[in-house]
Amino acid sequence: MKMYDFAKIEKKWQKTWRDKGLFKIDEKDVKQKYYCLMMFPYPSAALHVGHGRNYIIGDVVARYKMMRGFDVLTPMGWDAFGLPAENAAIKNGVPPKESTLNNIAKMKKQLDSWGVEFDWGREVTSCLPDYYKWTQWIFLKLFEKGLAYKKKAFVNWCPSCNTVLANEQVVDGACERCDSTVEQKDLEQWFFRITDYADKLLIDIEKLDEWPEKVKIMQRNWIGRSEGVNIDFPIVDSDEKLTCFTTRADTIYGCTYMVLSAEHFMVEELIKDSPGKEEIMDFVRKVRSESKVKRAQSSEDKKGIFTGRYVINSINGRKIPLWIADYVLTEYGTGAVMAVPAHDQRDFEFAKKYDLPIEVVINNPSNPLEADKMRSAYEAEGVLLGSDQFDGIKSSDAMENIADHMEKEGIGKRAIHFRLRDWLISRQRYWGAPIPIIYCDKCGTVPVPENDLPVLLPEVIEFRPTGESPLKDAPDFVKTKCPLCGGEGKREIDTMDTFVDSSWYFLRYISPKMENKPFDKDDVDRWLPVDQYIGGVEHAILHLLYSRFITKVLYDMEYVSFDEPFKRLFTQGMIIKNGAKMSKSKGNVVSPDALIAKYGADTVRLYTLFIGPPEKDAEWSDRGVEGANRFLKRIWNLVAILEKAPETGGSEEAEGTLLRKMHQTIKKVTEDIDGDFHFNTAISAIMELVNQFYSGMNDKGKDCYKRSCVEDVLKNVALLIAPFVPHIAEEINAFMGGKTSIFESVWPVYNKDLLQTDIVTIPIQINGKLRTTLEMPRDISEEKVKEMVLSDEKVLEKVGGKDVRKWIILPNRLINIVM
RNA sequence: GGGCGAGUGGCGGAAUUGGCAGACGCAAAGGACUUAAAAUCCUUCGGUCGCAAGACUGUGAGGGUUCAAGUCCCUCCUCGCCCACCA
């Protein structure tokens with residue numbers, strides 16, 4: 001047997017898998033389906049070992065499930081639209097399509113070099129027309145259902161770059177590129193009405209019992225359902241009223257003023273006759289122009305202004321002043337807040353600053369409150385006072401009682417509000433799927449007919465950041481005919497958020513080439529939901545929520561028969577280097593290419609899997625890679641031992657111990673993979689088995705295992721390591737006479753009877769402290785156990801003569817003598 | 001400010017869910033082989049005391065429950081991630 005020539009071995013098997021199509025499946029012919037999906041990447045530059053973790057984990061799962069007899073679907077594609085390619089175009093003049101396709105080619109090569117296999121016949125690329133045609137179709141379906149609509153909305157605006165910025169591009173309230181202060185600008189934008197599905201999206205989280213709890217909590221918080229009361233406050237000297245939302249109706253008697261957001265729709269109307277009108281409007285305009293990010297930052301310093309108007313608190317008929325303040329969000333609730341300074345920290349700070357009255361209406365039973373002495377609001381539970389007939393009631397009960405009362409009197413109504421906002425999908429950008437809408441002077445906003453899809457993205461175009469989509473400078477694109485009247489029409493020039501592209505790609509993999517439909521319903525119903533989805537936690541909220549939403553819409557429209565796309569979710573941890581997340585800007589990326597050249601793909605895979613539990617972050621160490629390589633060499637060396645092993649003879653004892661270890665290892669590895677992907681402990685178990693092999697030889701000589709025994713062990717080792725290090729496993733399998741791929745073999749099964757010995761080593765504790773261990777036959781009676789323990793010298797020395805108060809005997813596990 | 005999670009040797013991490021703390025690996029030290037180095041193999045490796053057998057101590061800090069606590073309960077400290085003026 002030659003030395004371990006990983007380069008040759010890996011090349012050979014990668015070619016074999018590819019030529020044969022290891023994971024090639026027929027979507028029509030399925031016995032036991034398993035859809036293993038990895039989040040498709042954005043084709044940026046080269047992948048580093050941190051990215052690699054994701055695909056290696058997925059590849060292990062796919063290969064393992066294949067050995068368990070499943071028809072495994074494991075496709076890959078590219079989330080190929082997006083800002084970086086466009087920025088590169090502005091900077092270097094390379095067209096986005098070109099740079100994107102180049103990057104895809106590079107990344108594909110890297111995936112190949114890892115031995116990560118996919119059904120490449122199903123590759124999808126979201127920036128190509130045969131894909132985005134159907135992204136546009138999704139838009140049309142939502143439009144048809146009234147779930148896509150246009151409205152004015154504020155966007156982050158950089159006055160110096162003259163462009164719209166995504167939230168991530170706003171750093172500390174300033175433009176990430178030029179550092180100018182970001183403003184808010186009001187633009188007409190397309191939205192998806194995801195809030196219509198807020199309730200369903202929330203309730204159905206219950207169904208996701210194979211998702212990490214952490215992700216479910218994040219989604220719940222993001223959707224943010226709260227129950228409360230909408231309360232009407234009549235405006236003094238007007239027939240109108242203002243409605244505010246509160247979750248603390250119990251504090252209504254402590255409401256000493258009311259506040260509106262600067263964007264509230266009634267602001268102009270309310271202040272039109274106010275004496276300080278100009279000053280108020282100046283304030284309002286200033287607040288409106290500030291970015292949300294900046295506003296949140298100055299949250300300690302709340303600013304406001306009195307409108308000169310008053311409203312009535314109907315529950316006690318009290319007249320209270322109406323203010324406008326920057327701490328009220330316009331998008332949440334009603335954009336108006338009843339302020340209760342004594343029991344809400346934000347109102348408290350504002351009241352202190354502007355000298356508004358603070359009145360305690362919930363008392364702290366253990367430490368009665370005095371309004372003038374309070375240093376912060378009392379937000380906890382308590383007992384009501386100063387609240388008419390509700391005095392003396394516990395605040396939690398009062399919430400219900402007061403809500404009942406208000407509903408009866410017609411002052412207010414119970415209401416539910418969500419923090420979830422509608423999904424803004426418009427981007428004033430070039431590199432995205434065009435929104436399939438045409439504006440006609442006569443017919444208005446007209447959807448592009450399905451037959452006219454795709455609306456092609458023009459390829460020759462100027463890139464100048466003007467604040468509007470570069471598409472407006474493509475006259476051939478903009479100018480079109482109205483599909484309804486045939487008259488002059490103008491195309492929508494905004495493109496779609498890339499999250500729209502990625503919210504349905506897992507469906508397209510089933511029917512990647514289909515031309516007249518986005519996917520075949522029967523096939524999709526056969527393969528979905530996805531059995532295992534694998535990706536980073538950074539997508540725990542947006543991507544997963546949007547995908548769930550789109551799936552539910554398609555379900556309601558009967559395009560699919562399932563209403564949740566991902567049955568089981570796994571979020572892997574980041575790879576850290578020098579204490580920081582690997583990133584180009586930090587200069588701490590480890591490229592897998594050089595490591596693969598030096599040690600081989602199997603070594604890099606093994607180390608990546610061994611580094612720690614895959615759901616946790618892990619620190620990368622190049623030295624650790626060497627250890628993984630050493631282990632593979634030790635396995636490789638077993639082949640040489642097999643060649644020299646004697647046909648007969650061998651030590652019965654050594655073989656017995658080794659085979660027991662082997663069956664224990666099969667059990668452990670199987671359970672670790674089936675559980676929560678604890679590959680690190682699975683691998684260490686295999687290492688123990690191999691160590692046992694060598695230490696047996698060390699004790700009993702090199703002929704202690706006969707040929708058939710070595711063969712048995714090596715065969716099982718090859719099977720156990722196959723999902724992790726597939727190339728070397730295939731090579732060993734072939735060497736041992738395997739005619740087919742090891743992945744067509746059956747996963748090994750352990751023999752229960754061979755797991756245990758007849759003699760067990762039992763720790764003996766005295767008063768909970770370990771004193772010695774004793775060997776005794778398995779399953780002997782308690783009397784015998786006591787007898788054996790008490791006849792032991794070391795035990796006698798400690799116990800001798802004294803009273804034993806209690807025996808704790810865990811059969812075959814532990815003994816504790818209490819004195 | 002809110003939510004979630006984590007603190008175990010020089011380092012990455014194990015620990016049948018309350019039962020021998022430190023598996024497995026890395027690094028380090030000593031030894032074998034070698035002219036030498038690399039590779040490989042063997043041994044040691046939480047701390048203190050001891051020639052040794054062994055004793056004591058030890059899982060962020062302090063308390064508690066228990067025959068028994070890394071694991072459960074209470075108080076506190078530190079770090080990471082996500083959300084963040086959500087009424």
Side-chain angles (χ1 to χ4, degrees), chain A residues 3 212-218 220-222 224-226 228 244-249 251 255 259 261 292-293 295-300 302 325-329 331-340 343-347 349-350 379 417-421 537-538 540-541 573-574 576 579 581 606-607 610-613 615-628 630-631 633-634 637 668 671 678 680-688 690-691 694-695 698 761-773 794 805-810 813-819:
Chain A
M3 61 172 288
E213 208 48 45
K214 173 172 75 169
V215 173
K216 292 198 274 185
I217 289 167
M218 279 159 110
R220 276 194 201 103
N221 291 344
W222 189 260
R225 183 189 141 105
S226 19
C244 73
F245 174 69
T246 182
T247 53
R248 289 295 304 271
T251 64
C255 173
V259 223
S261 76
K292 277 180 233 155
V293 186
R295 265 203 246 178
Q297 266 180 355
S298 54
S299 71
E300 291 101 67
K302 301 175 179 12
D326 64 353
Y327 75 96
V328 179
L329 299 172
E331 321 86 24
Y332 185 74
T334 59
V337 172
M338 65 171 228
V340 184
H343 306 294
D344 181 286
Q345 186 58 27
R346 294 153 303 184
D347 299 340
E349 286 164 22
F350 192 80
E379 294 180 331
H417 285 268
F418 294 92
R419 348 166 45 125
L420 183 69
R421 309 286 141 78
V537 225
E538 65 273 21
I541 300 175
M574 285 182 308
I576 307 287
K581 180 186 174 172
L606 187 70
Y607 177 65
F610 186 63
I611 192 167
E615 73 277 10
K616 284 210 210 142
D617 293 351
E619 171 85 27
W620 184 270
S621 132
D622 284 347
R623 298 304 292 266
V625 180
E626 283 180 43
R630 219 168 287 165
F631 175 62
K633 284 193 214 154
R634 271 161 81 80
N637 192 37
K668 170 83 175 148
E671 286 171 358
H678 286 154
N680 55 329
T681 48
I683 289 164
S684 69
I686 303 171
M687 286 172 170
E688 282 181 60
V690 173
N691 289 349
Y694 281 104
S695 83
N698 199 33
T761 307
I762 306 295
I764 313 294
Q765 299 182 335
I766 296 171
N767 286 335
K769 280 197 173 169
L770 179 75
R771 289 304 165 186
T772 185
T773 57
K794 280 184 191 154
R805 210 152 43 108
K806 199 171 164 192
W807 285 84
I808 309 280
I809 300 177
L810 293 148
R813 280 252 299 275
L814 175 135
I815 289 157
N816 189 12
I817 306 168
V818 187
M819 315 256 311

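All of these numbers come straight from a predicted model, not from anything done at the bench.
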Show each protein N/O and nucleotides 2-9 of chain B N/O combination with a separation under 3.5 Å, one pair to a line.
none

Exercise for the section: Starting from the 5' end of RNA chain B, give me the residue, A:Met218 or A:Thr246, whose nearest nucleotide shows up first. Expected result: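 Final value for this comparison: A:Met218.
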Exercise for the section: Hey, which sits more toward the 5' end of RNA chain B by its nearest nucleotide, A:Phe418 or A:Val818? Expected result: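 In this pair, the answer is A:Val818.
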Practice task
Going 5' to 3' through nucleotides 22-29 of chain B, assign each nucleotide B (protein heavy atom under 4.0 Å from a base atom), S (under 4.0 Å only from sugar-phosphate atoms) or - (no protein heavy atom that close).
Solution key: -BBSSS--
Any residue meeting side chain to side chain contact (heavy atoms under 4.5 Å, CB included) with [X], in chain and number order, not counting sequence neighbours:
X: A:Ala336; result: A:Cys244, A:Met258, A:Leu260, A:His264, A:Thr334
X: A:Lys216; result: A:Ile205, A:Leu208, A:Trp211, A:Glu213, A:Arg220
X: A:Asn767; result: A:Val818, A:Met819

Which value, in whole Å, describes the distance between the [atom1] atoms of nucleotides [N] and [M]?
N: B:C4; M: B:C42; atom1: P; answer: 49 Å
N: B:C51; M: B:G60; atom1: P; answer: 33 Å
N: B:C26; M: B:U44; atom1: P; answer: 16 Å
N: B:G9; M: B:U71; atom1: P; answer: 15 Å
N: B:C77; M: B:A14; atom1: C1'; answer: 26 Å

Problem - Distance-only donor-acceptor test, A:Gln345 side-chain atoms vs B:G1 base atoms, 3.5 Å - result: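 No, the side chain and the base share no sub-3.5 Å donor-acceptor pair.
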Would you say that [X] contacts [Y] through its side chain, given a criterion of any heavy-atom pair below 4.5 Å between the two side chains?
X: A:Arg419; Y: A:Arg421; result: yes
X: A:Gln765; Y: A:Ile808; result: no
X: A:Tyr327; Y: A:Val259; result: yes

Handout entry: Set of residues satisfying ring pair (Phe, Tyr, Trp, His ring centres under 6.0 Å) with respect to A:Trp222, sequence neighbours excluded
Key =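 For A:Trp222 there are no ring pair (Phe, Tyr, Trp, His ring centres under 6.0 Å) partners, ignoring immediate neighbours.
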Handout entry: Counterpart residues, ring pair (Phe, Tyr, Trp, His ring centres under 6.0 Å), relative to A:His417 (two or more places apart)
Key =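 Here the qualifying residues are A:Phe245.
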Practice task
Quick one: classify the glycosidic conformation of B:U48 as syn or anti, with syn meaning within 90° of 0.
Solution key: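 Anti conformation for B:U48.
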Exercise for the section: Taking syn as within 90° of 0 and anti otherwise, name the glycosidic form of B:G9. Expected result: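 Syn, which is what one calls it when the glycosidic angle falls within 90° of 0.
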Considering residues at least two apart in sequence or located in another chain, which fulfil the salt bridge (Lys or Arg N to Asp or Glu O under 4.0 Å) criterion with [X]?
X: A:Asp347; answer: none
X: A:Arg771; answer: none
X: A:Glu538; answer: none

Practice task
Give the rounded distance in Å between these two atoms: CD1 of A:Ile809 and P of B:A68.
Solution key: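 Going from A:Ile809 (CD1) to B:A68 (P), I get 17 Å.
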Handout entry: Selection from B:A87, B:C42, B:C56 that lies nearest to any side-chain heavy atom of A:Val328
Key =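 The answer is B:A87, which lies nearest to the side chain.
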Problem - Pair pattern of RNA chain B in dot-bracket, where unpaired bases get dots and | marks partners in another strand, Watson-Crick or G-U under 3.5 angstrom - result: (((((((..(((......[....))).(((((.......))))).((((....))))..(((((..]....))))))))))))....
Practice task
Considering just the side-chain nitrogens and oxygens of A:Arg813, establish if one lies under 4.0 Å of OP1 or OP2 belonging to B:G18.
Solution key: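 No, because none of the side-chain N or O atoms of A:Arg813 sits under 4.0 Å from OP1 or OP2 of B:G18.
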Handout entry: For A:Asn691, side-chain hydrogen bond (donor to acceptor under 3.5 Å, both in side chains) partners two or more places apart
Key =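 Once residues adjacent in sequence are excluded, the partners of A:Asn691 under the side-chain hydrogen bond (donor to acceptor under 3.5 Å, both in side chains) criterion are A:Arg634.
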Exercise for the section: For A:Trp222, answer base if it contacts any base atom (sugar-phosphate contacts may also be present), sugar-phosphate if it contacts only those atoms, and nothing otherwise; contact means non-hydrogen atoms under 4.0 Å. Expected result: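 A:Trp222: backbone/sugar contact only, no base atoms under 4.0 Å.
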